[in-house]
There are 2 protein chains.
Amino acid sequence: MSDRRTQILDAAATLISERGFTSTSVDDVIKGAKLSGKSHFYHYFKSKEELGYEVLNRQFERFAERGLAILREPMIDPLERLNLFIDAVVALQSESGGRRGSPFGNLAAELADAHEGFRVRIEAVFERWASQIRSLLWEARPQLHDDVDAVRLSRFIIAALEGAVLMTRVKRDLSVLEGIAADLKRFITMHVRDGVVMQSSRNLE
Amino acid sequence: MSDRRTQILDAAATLISERGFTSTSVDDVIKGAKLSGKSHFYHYFKSKEELGYEVLNRQFERFAERGLAILREPMIDPLERLNLFIDAVVALQSESGGRRGSPFGNLAAELADAHEGFRVRIEAVFERWASQIRSLLWEARPQLHDDVDAVRLSRFIIAALEGAVLMTRVKRDLSVLEGIAADLKRFITMHVRDGVVMQSSRNLE
DNA sequence: TCAAATTAGGACCGACTGGTCCTATGACAG
DNA sequence: CTGTCATAGGACCAGTCGGTCCTAATTTGA
């Protein structure tokens, strides 16, 4: 993959996460990626829409590498991994100082109703994310109560995190996310079988 | 307040919740409210921005009447009221068939970074919402553990609900919201002092 | 009755939208 | 040497954006 292409993708990712997809113009992307002109851009992407799809994919891959990867660490206890993953989400959000929400949540809120193409792709992103959590939960099932519903719990975790990131952005206060993350850990602990010890890097405050 | 004005406000509310603020043009609103032309619109609102602010306020008032009001019902046990409120959010969302998310969450995701005026107003909305939950929690404090942090718990509830609505919209599946709502009720139950009975219309399934 | 507010409707504005097309370089691989 | 691809850059397109201005008919309240 050419250098220029990723350069465009990166510039677009930044702009879209700052102002949304609709409010990011092709000209903005061209400026951001320092291209010579429109034809230069359309040499690499056949439309703004296609650019958006690829940006979304790249954002997910990035998130998979830097966040989701933790869920699969083989040497760490699964539930401990879940706590570490939540910490990672907090850390990722801290990088932008609480500004700039989840790239998935943002696009979802902006386009889920209006643009079916995006909706389907965002749904797929959430599904892949949820499935990672589900397999971790499956792995941890000896430590969990029998009635734990992995599908529901995985959705709850994602919803809480997405909602938390959104509120953090609105309040411009990272401690909102930190508090919700801590509560979320406690909620997960609720599903742990009695007598099973669980320690975490930062849980329960 | 004139009839026309509310007519415009209603049309705009529908359009904005369907396509977002930026993607709703003044001409769309004019068409939706069946006005004669632009000058007719600008007779009532000095700018699109001001229209947006008023729409947000009206959405909150509507939500306050139809949802938040439950939190203040004097004859019902506070924690039971909280469950009823969560049910009401689910019911409200069902009206649009799972499509069309929270008007606050949508605007937040779309404009929190880009438009300070909206950000501040959305922050105020969430704050008023949170404060209603906080006073309910205060009222319920004899039933709750001593270490319950009302500020944090209220934020958690809002974040979970906003995240749930978002995911429901993406998946186009109301059962996502229902599941998260049920889990949220269980999370709240976790804060209740042992030995205190708490029943709900639909809790814990 | 007279004035103010409301309704109606059209012309117009500069800026911007996503997108196409065309020409003319340089670089590099066969 | 030749053709393909990347770079560069400008002209142009039809349509939309938020917003202004102007004229005129109709309604309403004092």
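Because only heavy atoms are used, hydrogens play no part in the values below, and waters and symmetry mates are left out as well, while side chains stay in.
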Atom-pair distance (CZ on B:R19; C1' on D:dC17), nearest Å: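 In whole Å, D:dC17 C1' and B:R19 CZ are 14 Å from each other.
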Whole angstrom value for the distance that separates C1' of D:dT7 from OH of A:Y44: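 Rounded to the whole Å, the gap is 8 Å.
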N/O (side chain, B:S25) to phosphate O (OP1/OP2, D:dT16) under 4.0 Å: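 False: B:S25 side-chain N/O out of range (4.0 Å or more) of D:dT16 OP1/OP2.
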d(CG, A:L51; C1', C:dG19) in whole Å: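 Spelled out: CG on A:L51 to C1' on C:dG19 is 14 Å.
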Salt bridge flag under 4.0 Å for residues A:R155 and A:E127: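 Not counted as a salt bridge, because no side-chain N and carboxylate O are separated by less than 4.0 Å.
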Distance below 4.0 Å between A:K38 side-chain N/O and C:dG19 OP1 or OP2: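 No, no such contact exists.
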Among D:dG19, C:dG18, D:dA6, the nucleotide that comes nearest once only the side chain of A:H43 is considered: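 Of D:dG19, C:dG18, D:dA6, D:dA6 is nearest to the side chain of A:H43.
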Length of the line joining B:F45:CZ and D:dT20:P, which is rounded to integer Å: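 Rounded to whole Å, this separation is 15 Å.
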Given C:dC22, D:dG18, D:dC21, the nucleotide with the shortest approach to the side chain of B:V26: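 It is D:dG18.
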Closest to the A:S39 side chain, choosing from C:dG9, D:dG9, C:dT20: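 The answer is D:dG9.
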Nucleotide D:dC17, atom P - distance to CZ of B:F21 in whole Å: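 After rounding, the gap between these two atoms is 13 Å.
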Cationic N near anionic O, under 4.0 Å, B:D10 to B:R58: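 A salt bridge links B:D10 with B:R58.
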Derivation of the ring-ring contact (aromatic ring centres under 6.0 Å, His included) call for B:W129 and B:F63: CA-CA 9 Å; B:W129 181 354; B:F63 179 64; 4.9 Å; yes
Candidates A:L177, A:V170, A:V176 - the one meeting side chain to side chain contact (heavy atoms under 4.5 Å, CB included) with A:D173: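 The single option meeting the side chain to side chain contact (heavy atoms under 4.5 Å, CB included) with A:D173 is A:V176.
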Nearest listed nucleotide, side chain of B:S36, among C:dG19, D:dT7, C:dA8: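 When the side chain of B:S36 is considered, C:dA8 is the closest of C:dG19, D:dT7, C:dA8.
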Nucleotide D:dA8, atom C1' - distance to CG of A:L35 in whole Å: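 Roughly 11 Å, once rounded to whole Å.
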Nucleotide of C:dG9, C:dA8, D:dA8 approaching A:R4 most closely (side-chain heavy atoms):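 Within the option list, the nearest is D:dA8.
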Atom-pair distance (CG on A:L15; P on C:dT17), nearest Å: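 Those two atoms, CG and P, are 12 Å apart.
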A:R172 side chain reached by B:D113 side chain, heavy atoms, under 4.5 Å: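 Counting from C-beta outward, B:D113 and A:R172 do come under 4.5 Å.
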Sugar-phosphate, base or nothing in reach of B:T24, heavy atoms under 4.0 Å: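 Result for B:T24 = sugar-phosphate.
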Atom-to-atom span, CD1 of B:I30 to C1' of D:dG19 - whole angstrom: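 Going from B:I30 (CD1) to D:dG19 (C1'), I get 10 Å.
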